[in-house]
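Structure first, then comments.
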Amino acid sequence: MMKAKNLIKRVTIGILAVVLSTSVVWADDNPGLIQRAKDACKNATYDIPTVTNDIDGWPQGPAIMCDSAVVMEAESGEVLYNKAMDERRYPASTTKIMTALVALEHSNLTDTVTFTAEGLKEAVPGNSYVTPVIQEGETLTMEQCLYAIMLVSGNEVSTQVAMQVGGSVEGFVEMMNEKAQEIGCKDTHFVNANGLHDENHYTTAHDLAMIAQEAYKNEEFRKIVGSRYYTIPATNKTAEERVLANHHALLGEGDWHYDGCLGGKTGYTDTALNTLVTYFEKDGTVYICVVLHYKGTEVFTDTVMLAEYTKEFEKLQVSPKKYTLSGGTAVVPKGTTTDALEIQSTQNEDGNEQETFLFNGYEVGQAVVDKKAYEADKKAEEAQKEEESKEEQSQNNEAQNGSFSTFEIAVVVLVGLIGLGLILIVISVIKKKKKK
């Protein structure tokens, strides 16, 4: 038993070595990190236009190697960087983000998944699969399956989960496509649950970012993608424990650690080339980065450059929090004030106000504002101001009625002086008469 455990540990270390040897060193706290990323991208050009670089006043995004890329703010969905983000691409194993999302929404983590010969057909050399190899009749929990899907990209696990949750792979794929439509994807179509190549299995960087955004709302999903390791204990068919190490190198330890990385999903097929989805946090804001279609470790260096690019931005509160039902913030170049934004307003079916925030004509945020509450408070405030104005006027009137003007005081003083003068004259006349 001890020998088996030691073997597993050696295999795990070997897997990690292979994964990490195909990547690049980076981390905010590692010397030379950004320079290495810049060196990796020094041959990149803007042959494929970076659309966001054409926005007046927008920070210029880096030239990268991948053919499609997008950086999205996770809460609002606003796009900071757009390089051919709406071009149709093959997602490879980043498909599994949708697989995990649909499974999480339609099953329980404690459900038992029993593996069949049909599901295990894809556990073959050249494919990603769990080791030690899962046996026919072996059972795992749904939770264990989801970790196997997201950390080590198990194709056979994705297929077996699809068969269980959807009744068949076809049934599950229909659920995936329905979810894509619900999210708002414009050019996405799935034909399998694991991302193995098919001409009719495609997406775009923008659509994939929206799928990743939706998945990240799920607390269990966030926990899974953010895990560096996960251990599946012995099962009914395998006496050894399985140690799963996350393939996403940015989440690694030591020289592989990228500060702020929250996880994501890797992918590769000969046609899709390397694909990568990454969640990361900068200054308290979570971003999603998708890079597609480039053969090599440049998917990682591109992601580093794009993560660094987000330091040029900040989140700005635009709508009053008290009345904001959703949204209310804008992701803008640092130093931007609310006065620099144009706010377009329309009324939705509920009577609330739909606001869109524009930076030189480019959308940077939205909000739904409780217009009724805002107007009620505004009327109450105006009424209070009117009441205060009336009270002040009344006090002024009372003050004016109970006091003398300067002219009135002058008249009183003059009359008093005249009266005093007359008295003095009278007294003087009386004294003269007495002397006579």
* **Separation between CD of E363 and OG of S76, rounded to the nearest 0.5 Å** => 8.5 Å
* Please confirm whether the backbone N or O of S128 pairs with a side-chain atom of S153, one donor and one acceptor, at under 3.5 Å? => no
* Structure fact -> Taken in chain and number order and not counting sequence neighbours, the residues that satisfy side-chain hydrogen bond (donor to acceptor under 3.5 Å, both in side chains) with S345 are none
* To do: Taking the side chain as every heavy atom from C-beta outward, state whether V364 and L341 have any pair of such atoms under 4.5 Å apart.
  => yes
* Asked: Pairs in or reaching into residues 97-113: which pass salt bridge (charged side-chain N to carboxylate O under 4.0 Å, His left out), with residues at least two apart or in two chains?
  -> E105-K179
* Can you tell me how far OH of Y229 sits from CG of L251, rounded to the nearest 0.5 angstrom? -> 9.5 Å
* To do: Enumerate the residue pairs fulfilling ring-ring contact (aromatic ring centres under 6.0 Å, His included) with a member in residues 80-101, sequence neighbours excluded, ordered by first and then second residue.
  => Y81-Y309, Y90-H197
* Asked: Can you check whether A103's main-chain N or O pairs, donor with acceptor, with S107's side chain at less than 3.5 Å?
  -> yes
* Nearest-0.5 Å distance, CD1 of residue I149 to CG of residue L244 -> 11.5 Å
* Structure fact -> Here the pair of heavy atoms bringing G296 nearest to N274 is N-OD1, 2.8 Å
* **Trace of the ring pair (Phe, Tyr, Trp, His ring centres under 6.0 Å) decision for Y279 with Y287** => CA-CA 6 Å; Y279 302 97; Y287 297 96; over 10 Å; no
* Show your working on side-chain contact (heavy atoms from CB on, under 4.5 Å) between F313 and L80 and close with a plain yes or no. => CA-CA 9 Å; F313 298 87; L80 282 66; 3.4 Å; yes
* Summary of salt bridge (charged side-chain N to carboxylate O under 4.0 Å, His left out) pairs that have at least one residue in residues 351-360, sequence neighbours excluded -> none
* Can you tell which of E87, R88, R89 makes a side chain to side chain donor-acceptor pair (under 3.5 Å) with S68? -> R89
* To do: For Y230 and Q144, run side-chain contact (heavy atoms from CB on, under 4.5 Å): C-alpha distance rounded to whole Å, both residues' side-chain angles, the deciding distance at 0.1 Å, then the answer.
  => CA-CA 9 Å; Y230 183 80; Q144 292 166 348; 3.6 Å; yes
* Structure fact -> CD (Q160) and NZ (K121) are apart, to the nearest 0.5 Å, by 12.0 Å
* **Within residues 325-338 or reaching into it, pairs that qualify as side-chain hydrogen bond (donor to acceptor under 3.5 Å, both in side chains) - sequence neighbours excluded** => none
* Considering non-hydrogen atoms only, spot the tightest contact between G61 and Y46 and give its length. => O-OH, 2.6 Å
* side chain to side chain contact (heavy atoms under 4.5 Å, CB included) partners for E174, two or more places apart -> E178
* Measure from the side-chain N and O atoms of W58 to the backbone N and O of F359, and report whether any donor-acceptor pair falls under 3.5 Å. => no
* For D302 and M65, indicate whether the former's side chain and the latter's backbone hold a donor-acceptor pair under 3.5 Å. => yes
* To do: Check whether any side-chain N or O of T159 sits under 3.5 Å from a backbone N or O of N155 as a donor-acceptor pair, and report yes or no.
  => yes
* Residues forming a side-chain hydrogen bond (donor to acceptor under 3.5 Å, both in side chains) with E156, sequence neighbours excluded -> none
* To do: Among residues two or more places apart or on two chains, list those pairs meeting salt bridge (charged side-chain N to carboxylate O under 4.0 Å, His left out) that have a residue in residues 45-67.
  => none
* Please confirm whether the backbone N or O of P132 pairs with a side-chain atom of R242, one donor and one acceptor, at under 3.5 Å? => yes
Under 3.5 Å, which donor-acceptor pairs do the side chains of residues 161-170 form with other protein atoms, sequence neighbours left out?
| residue | atom | partner | partner atom | Å |
| --- | --- | --- | --- | --- |
| Q164 | NE2 | T112 | O | 3.0 |
| S168 | OG | G171 | N | 2.9 |

* Asked: Just by modelled atom types, is the T110 backbone N or O under 3.5 Å from a matching donor or acceptor in the N108 side chain?
  -> no
* Asked: Can you find a heavy atom in the side chain of V130 that is under 4.5 Å from one in the side chain of V157?
  -> yes
* Asked: Backbone N or O of V51 within a donor-acceptor pair of the N82 side chain at under 3.5 Å?
  -> no
* Asked: Okay, side chain of T204, backbone of D207: is any donor-acceptor separation there less than 3.5 Å?
  -> yes
* Asked: Sub-3.5 Å donor-acceptor pair from the side chain of H201 to the main-chain atoms of V191, do we have one?
  -> yes
* Beyond-backbone contact of N194 with E122, side-chain heavy atoms, under 4.5 angstrom -> yes
* Asked: Which heavy atom of S158 sits nearest a heavy atom of K96, and at what distance?
  -> OG-CE, 3.5 Å
* To do: Write out all pairs satisfying salt bridge (charged side-chain N to carboxylate O under 4.0 Å, His left out) with one or both partners inside residues 74-86, taking only residues at least two apart or from two chains.
  => E75-K315
* Count the heavy atoms of every other residue, nucleotide or ligand shown that sit under 6.0 Å from CG of D283, and state whether that count exceeds 12. => no
* Structure fact -> The residue among I97, L276, N246, L151 that forms side chain to side chain contact (heavy atoms under 4.5 Å, CB included) with K265 is I97
* For side-chain contact (heavy atoms from CB on, under 4.5 Å), just list the numbers for Q354 and Q366, CA-CA rounded to whole Å, side-chain angles, deciding distance to a tenth of an Å, and then say yes or no. => CA-CA 7 Å; Q354 176 73 46; Q366 292 186 352; 3.6 Å; yes
* To do: Determine, stepwise, if the pair K321 / T324 fulfils side chain to side chain donor-acceptor pair (under 3.5 Å).
  => CA-CA 5 Å; K321 287 185 177 181; T324 302; over 6 Å; no
* How far apart are the closest heavy atoms of N177 and T188, and which atoms are they? -> OD1-O, 4.5 Å
* Asked: For K322, which residues count as a side-chain hydrogen bond (donor to acceptor under 3.5 Å, both in side chains) partner, sequence neighbours excluded?
  -> D377
* Do V71 and I288 have side chains that get closer than 4.5 Å, going by heavy atoms? -> no
* Asked: Quick one: does C261's side chain get under 4.5 Å of T278's, heavy atoms only?
  -> yes
* Asked: Rounded to the nearest 0.5 Å, how far apart are CD of Q60 and CD1 of I55?
  -> 9.5 Å
* Asked: Out of curiosity, L140 CG to E138 CD, how far, rounded to the nearest 0.5 Å?
  -> 5.5 Å
* Side chain proximity check, M175 to F190, heavy atoms < 4.5 angstrom -> no
* Nearest heavy-atom neighbours spanning L101 and I211 -> CD2-O, 4.5 Å
* Asked: So do T275 and Y268 actually touch side chain to side chain, heavy atoms under 4.5 Å?
  -> no
* Parallel, tilted or perpendicular for H248 and F300, by the 30°/60° rule? -> perpendicular
* Does some side-chain heavy atom of R222 sit less than 4.5 Å from a side-chain heavy atom of L262? -> no
* Structure fact -> Closest non-hydrogen contact found for T99 with A193 is OG1-O, 2.5 Å
* **side-chain hydrogen bond (donor to acceptor under 3.5 Å, both in side chains) partners for T303, two or more places apart** => none
